[in-house]
Student: 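Below is a structure I'd like to ask you about.
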Amino acid sequence: MNEMVRSLGNEPGLSTIGGIDCDLHPAPPATATLLPYLDEYWRETFIMRGVDRMSLAMTASPPRAPINVRPDWKAASGFAGDTLEAVRTQALDPFGTRLAICNVLHGSIIMHSDDMAAALCGAVNEWLAREWLDKEPRLRGSIIVSAQNAELAVTEIEKRAADPRFVQVMILAQNDEPLGRRRYWPIYEAAARNRLPLCIHAGGSNRHAPTATGWPSFFVEAYVAQASIFESQLLSLIAEGVFHKVPDLKVVFAESGFTWLPSFFWRADKTWRGVRAETPWVTEQPSDIVKRHVRFTLQPVEAPLETDALARTLDHIDCDDILLFSTDYPHAQFEGTKALSARFGETLTKKILIDNPLATYPRIAADFEKEAAR
């Protein structure tokens with residue numbers, strides 16, 4: 001065991017060995033790399049139009065922004081996590097990770113052309129399966145789809161669902177409409193039908209301003225505004241009746257933070273009690289719906305300075321099942337390899353590292369059961 005792993009058990013962090021990392025980001029592939037995974041029409045189209053020489057990384061997550069990559073994880077290509085070896089040595093081995101879910105933040109998710117978006121999402125998913133999942137047994141994948149065309153998204157979900165190493169469906173938090181709208185419901189139904197949680201990840205197309213009062217001037221404004229986007233989307237899923245329509249759906253909020261939940265619970269429950277006749281399908285208070293259906297990745301955590309403030313926040317949430325371990329590699333969200341605060345304590349830490357992910361991801365739980373039966 002190397003020195004980095006040994007240090008994980010020391011204060012102010014707790015050991016992450018054996019944990020399930022629910023948000024890890026391999027660098028988005030170069031378009032030229034995806035050509036073998038596209039059909040003949042799209043290969044010729046991209047070469048003819050010069051798209052094969054373009055990077056389709058998302059500007060919503062600038063790879064060189066200091067908050068998006070730790071200095072010691074930077075790569076010559078400009079994208080951290082650009083090789084399997086880098087992910088092994090920087091993200092898997094130091095944290096003692098047993099399994100990690102790869103969320104590839106690729107520009108195909110937000111393209112205006114439905115057909116091109118679907119073709120590229122499919123190519124990224126195939127690239128992930130062949131170049132990463134085939135070569136590293138500790139990795140699992142998210143099926144990336146563009147939410148703008150539900151029919152094409154469902155086709156991709158059904159295709160990838162045959163591979164048990166894909167354990168969830170991923171879309172972005174900021175879309176053309178609130179995510180509770182019925183245009184998105186076929187995606188949710190397909191995910192639930194295949195026992196796949198829906199991961200709603202920070203980011204979006206920027207077709208709309210990220211704040212309710214318009215476009216910000218600086219990255220810090222857009223970054224902080226992500227929390228309010230997640231609050232709006234969470235309320236939309238509840239009020240529009242998504243969990244009533246798809247009762248088996250599990251939703252994972254990735255990079256949303258979670259310390260805003262106590263105030264959200266209080267305000268949503270209080271308001272619902274006064275106007276619940278407007279949404280008769282919401283038959284219980286919103287906080288109870290969230291605790292049953294929604295999970296939140298650990299990083300980034302808005303860690304308070306006060307010693308007991310984080311513990312008080314978790315007491316207000318009043319649900320030990322709601323947090324999932326994540327490193328958010330390669331983003332710079334924590335010091336060194338201390339991804340888990342000692343403030344969580346040993347009992348809650350085990351739930352966050354292993355028990356909660358197993359309860360959230362049926363396909364990963366099945367892997368553990370097969371392993372235990374051997």
Side-chain angles (χ1 to χ4, degrees), residues 25-63 77-79 81-84 87 101-136 139-177 183-184 186-188 190-191 194 196 198-201 203-207:
H25 301 293
T31 309
T33 303
L34 295 176
L35 292 181
Y37 304 109
L38 292 162
D39 64 28
E40 183 179 0
Y41 168 78
W42 285 111
R43 282 198 302 272
E44 292 181 354
T45 298
F46 286 171
I47 292 171
M48 177 183 65
R49 295 172 60 178
V51 178
D52 62 314
R53 297 188 296 274
M54 299 169 57
S55 170
L56 297 177
M58 288 174 47
T59 57
S61 185
S77 67
F79 292 94
D82 59 345
T83 66
L84 184 55
V87 169
I101 302 173
C102 297
N103 292 326
V104 184
L105 299 177
H106 188 267
S108 54
I109 309 173
I110 58 174
M111 284 189 162
H112 288 274
S113 167
D114 290 352
D115 293 317
M116 184 180 289
L120 278 169
C121 282
V124 172
N125 291 329
E126 187 67 18
W127 164 83
L128 181 65
R130 302 285 77 82
E131 300 298 328
W132 294 77
L133 307 188
D134 283 356
K135 298 176 181 179
E136 175 49 73
L139 295 181
R140 297 296 183 268
S142 294
I143 304 169
I144 67 165
V145 296
S146 171
Q148 310 318 311
N149 188 306
E151 181 181 358
L152 294 175
V154 168
T155 299
E156 181 66 15
I157 293 168
E158 297 292 352
K159 178 180 179 180
R160 300 294 161 189
D163 186 341
R165 298 172 303 175
F166 283 99
V167 298
Q168 68 182 2
V169 176
M170 190 187 84
I171 62 175
L172 297 179
Q174 193 179 10
N175 282 271
D176 287 350
E177 295 184 71
R183 64 177 286 188
Y184 301 116
I187 297 174
Y188 309 153
N194 288 287
L196 295 163
L198 175 77
C199 174
I200 301 176
H201 196 285
S205 62
N206 284 329
R207 296 174 197 170

Student: So, for D134 and R165, which heavy atoms are closest and what is the spacing to 0.1 Å?
Tutor: OD1-NH1, 2.6 Å
Student: Would you name the heavy atoms of L34 and P29 that are closest together and state the gap between them?
Tutor: CD2-CG, 3.6 Å
Student: Do any N or O atoms from the side chain of D39 and from the backbone of Y41 form a donor-acceptor pair under 3.5 angstrom?
Tutor: yes
Student: I need the L120 CG to Y37 OH distance, nearest 0.5 Å.
Tutor: 14.0 Å
Student: What is the distance from atom CG of D163 to atom CG of N125, rounded to the nearest 0.5 Å?
Tutor: 10.0 Å
Student: Tell me, with the steps shown, if Q168 and I143 meet side chain to side chain contact (heavy atoms under 4.5 Å, CB included).
Tutor: CA-CA 6 Å; Q168 68 182 2; I143 304 169; over 6 Å; no
Student: With a 4.5 Å cut-off on side-chain heavy atoms, are S142 and F166 touching?
Tutor: no
Student: How close do S146 and A153 get, heavy atom to heavy atom, and via which atoms?
Tutor: O-CB, 3.7 Å
Student: What I'd like to find out is whether the side chain of L172 reaches to under 4.5 Å of the side chain of I200, using heavy atoms alone.
Tutor: no
Student: Ignoring hydrogens and angles, tell me if any N or O in the side chain of R140 forms a donor-acceptor pair with the backbone of P164 under 3.5 Å.
Tutor: no
Student: Taking the side chain as every heavy atom from C-beta outward, state whether L84 and L139 have any atom pair closer than 4.5 Å.
Tutor: yes
Student: With heavy-atom distances below 4.5 Å as the criterion, would you say the side chains of L105 and M170 are in contact?
Tutor: yes
Student: Passes side chain to side chain contact (heavy atoms under 4.5 Å, CB included), I109 versus V145? Steps please.
Tutor: CA-CA 6 Å; I109 309 173; V145 296; over 6 Å; no
Student: Keeping the roles fixed (side chain from N149, backbone from E151), state whether a donor-acceptor pair exists under 3.5 Å.
Tutor: yes
Student: What is the distance from atom OG1 of T33 to atom CG of D82, rounded to the nearest 0.5 Å?
Tutor: 10.5 Å
Student: Quick one: closest heavy-atom pair of Y184 and E177, and the distance?
Tutor: OH-N, 3.3 Å
Student: Do V104 and W127 have side chains that approach each other closer than 4.5 Å (heavy atoms only, starting at C-beta)?
Tutor: yes
Student: Can V87 and W132 be said to form a side chain to side chain contact (heavy atoms under 4.5 Å, CB included), step by step?
Tutor: CA-CA 10 Å; V87 169; W132 294 77; 3.6 Å; yes
Student: For N103, is there any backbone N or O sitting under 3.5 Å from a side-chain donor or acceptor partner on H25?
Tutor: yes
Student: Quick one: closest heavy-atom pair of A147 and R183, and the distance?
Tutor: O-NH2, 4.4 Å
Student: State the SG-CD1 distance between C199 and I144, to the nearest 0.5 angstrom.
Tutor: 11.5 Å
Student: Any chance you could measure E156, atom CD, to E126, atom CD, to the nearest 0.5 Å?
Tutor: 9.0 Å
Student: Specify the closest pair of heavy atoms between A191 and V169, including all atoms of both residues, with the distance to one decimal.
Tutor: CB-CG2, 4.1 Å
Student: To the nearest 0.5 angstrom, please state how far the CD1 atom of I171 sits from the CD atom of Q148.
Tutor: 9.0 Å
Student: Looking at R43 and L38, would you say the former's side chain and the latter's main chain have a donor-acceptor pair under 3.5 Å?
Tutor: yes
